[in-house]
Amino acid sequence: MSMSWADSVSAAENPAGAPSKSAYVPPHLRNRPSTDPPAQALYAGAAASLGNDHSGYGVPNVVGSRWSGQRNEYQSGYAGGGGRGGGWNGRSGGWDRGRDREVNPFTNNDSEPVSELESSAINFDAYEDIPVETSGDNVPPPVNTFADIDLGEAVNENIRRCKYVKPTPVQRHAIPISLAGRDLMACAQTGSGKTAAFCFPIISGIMRGQFPRPPRPRMAFPLALILSPTRELSCQIHDEAKKFSYQTGVRVVVAYGGAPINQQLRELERGVHILVATPGRLVDLLERARVSLQMIRYLALDEADRMLDMGFEPQIRKIVQQMDMPPPGVRQTMLFSATFPKEIQRLASDFLSTYIFLAVGRVGSSTDLIVQRVEYVQETDKRSHLMDLLHAQKENGVHGKQSLTLVFVETKKGADALEHWLCMNGFPATAIHGDRTQQEREHALRSFKTGHTPILVATDVAARGLDIPHVAHVVNFDLPNDIDDYVHRIGRTGRAGKTGLATAFFNENNSSLARSLSDLMQEANQEVPAWLSRFAARSTYGGKNRRGGARFGARDFRRDSSYNRGASGGATDYYGGGANMNSGYASGGYNASFGTAGVTSAWD
DNA sequence: AAAAAAC
């Protein structure tokens, strides 16, 4: 088998590696004399310096929008700052050397490459017909290939290293929108490539833009902020973003709670372009005056509907509206989620300026790739029922590394109890929830991912965004109260074009979910048991409205008649661009992108 | 009512 891209890159960069191998030279180092790194002093300057002097990248960021004037104002006055030898030039001094050497993120890949056989067995034709809906003013057209997008040579190299052959549907639409400088509310199933969809334009924009030096030392002035609702998800986004920005000179730093703050502070002091964070730790850093948001040009909220729900909204408002972040229209804001309830869209519109709404039909979850089952199980029978499922799985040989089972429960206590009970009964299980230490949480996740403990009991902390390859079975031991949470949970399986199974234990306690669950399953062509239909018919409907047809996670609330009546005439006219329904732009098809081994991580 | 998120 031939060497993978990542392997060849790492081999080329390994000083101990055979010199006979054709050495890979990153683009920005080509045609450069290989001199010794400059003195330490140079690096010291770079530590707090954000001045971008990417010779060759100094293209002004021309934004073809009505805010370009404002945005350029933000840029003006920067140019003088990052002079030669300052700013990120420092990386040639410090970055590439000793402990400051940029770690190759493509080497220690803990997820094994998918075998050719395995991936070729998947039918990717389903992706040809993914419906897409856009609404808003002057929507930039989608692209078909990465080559159609000018992200810059260094990012293109990383796309190749990631083995992304073609953009995923959400990427094809979201990247041009984002590169055009437009605000975006994007609704696309988890596992649809959202992380890359917002990272690529941010990285490329930072590489091309002109930015001032940070005005103060010991205070970090990120240019982009990516917020997510859980620590593990922030880590995952950080890992992805590091890959996408490898050798671009763009620095990504992550900050989250439960981990020692000092190391995070040191990383921040060394300079940060893109800050990935959970809200609590970021507020802490802001109050300590170790981070300023005044230079933020890009704001991305992942799992945006969760970020704006009751628990998080005050913190998010504080960060986005009550600190020193530039207002909408000056910064560029992108919201991503698999589900987007109308009430949340209404809240979110405060953060956006003339935005484009993008809905990409469900990609993995609740479509053909996930078989959804609902079983009627009394509370007292749940454990023995779970054991039956696990025994059956064991006998079928679907146990171990290639086949993981994720069990969702309602409470943290319940998670501890079930984990203990499973272990007592000889099942290799671990658990993750918010009362565990961060160390325990990370250990549990690692142990699960590697197949060391192929059963993970989890609360909703693990429901969103986490990309865990090989999850074959999601068990909703306790169903959530919200159908959107159900959608996110089962989205942990059936990823990257693989099939998955989702089993839910249903009883009287879940009657409020009966209607939306049976609707959802019906939409996904799943078999709805007759007893569930009866439950659904019986229940007074308290759930969510059908979300604009079966094929989308949500519909642009601006198109809702009640909104248009309530809004001023001006607002209605504003969005007069209307909606564009496109069924499958897939001229080239997605086969290539899915048929390649190792594309798994593209899908989150 | 629970979960998540700072120390």
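Letters A, B, ... mirror the listed sequences (proteins, then strands); counts begin at 1.
Considering only heavy atoms from C-beta on, Arg317(A) comes within 4.5 Å of Phe351(A) through its side chain.
For Thr459(A), no side-chain nitrogen or oxygen approaches OP1 or OP2 of dA2(B) to under 4.0 Å. In this structure, Thr278(A) does not reach the dA4(B) phosphate: none of its side-chain N or O atoms is under 4.0 Å from OP1 or OP2.
When distances run from any side-chain atom of Gln315(A) to the nucleotides dA5(B), dA1(B), dA3(B), the shortest one goes to dA5(B). Here dA5(B) is the nucleotide among dA5(B), dA3(B), dA6(B) with the atom lying nearest to any side-chain atom of Glu232(A). Closest to the Thr411(A) side chain, of the nucleotides dA2(B), dA5(B), dA6(B), is dA2(B). For Asn481(A), the side-chain atoms get nearest to dA1(B) when compared with the rest of dA1(B), dA5(B), dA6(B). Closest approach to the Thr230(A) side chain among dA2(B), dA5(B), dA3(B) is made by dA5(B) (side chain taken as heavy atoms from C-beta onward). The side chain of Glu287(A) approaches dA6(B) more closely than any other nucleotide in the set dA6(B), dA2(B), dA5(B).
Here Arg441(A) lies in heavy-atom contact (under 4.0 Å) with sugar-phosphate atoms only. Within 4.0 Å (heavy atoms only), Val283(A) reaches no atom of the nucleic acid at all. Within 4.0 Å of Arg306(A), counting heavy atoms only, lies no atom of the nucleic acid at all. Gly311(A) comes within contact range of at least one nucleobase, with a heavy-atom separation under 4.0 Å.
No cation-pi contact links Lys342(A) to Phe557(A), judged by a cut-off of 6.0 Å to the six-membered ring centre and 45° from its axis. Taking the ring axis of Tyr486(A) as reference, the NZ or CZ atom of Arg489(A) does not stay both within 45° of it and closer than 6.0 Å to the ring centre. Judged by the 6.0 Å distance and 45° axis criteria, Arg515(A) is not positioned over the aromatic ring of Phe535(A).
In the model, His488(A) has no side-chain atom that pairs as donor or acceptor with a side-chain atom of Asp460(A) under 3.5 Å.
For the pair Asn476(A) CG and dA2(B) P, the interatomic distance rounds to 19 Å; values are reported in whole Å. One atom, OH of Tyr486(A), and another, P of dA2(B), lie 24 Å apart when rounded to the nearest Å. If you take CD1 of Ile432(A) and P of dA3(B), they are 14 Å apart, rounded to a whole angstrom. To the nearest angstrom, C1' of dA5(B) lies 14 Å from CG of Leu308(A). If you take CZ of Arg436(A) and P of dA4(B), they are 11 Å apart, rounded to a whole angstrom. Taking atom NZ of residue Lys413(A) and atom C1' of nucleotide dA4(B), one finds them 19 Å apart after rounding to whole Å. At whole-Å resolution of the value, CG in Leu513(A) and P in dA2(B) are 18 Å apart. In this entry the distance linking CG of Asp309(A) with C1' of dA4(B) reads 9 Å, nearest Å.
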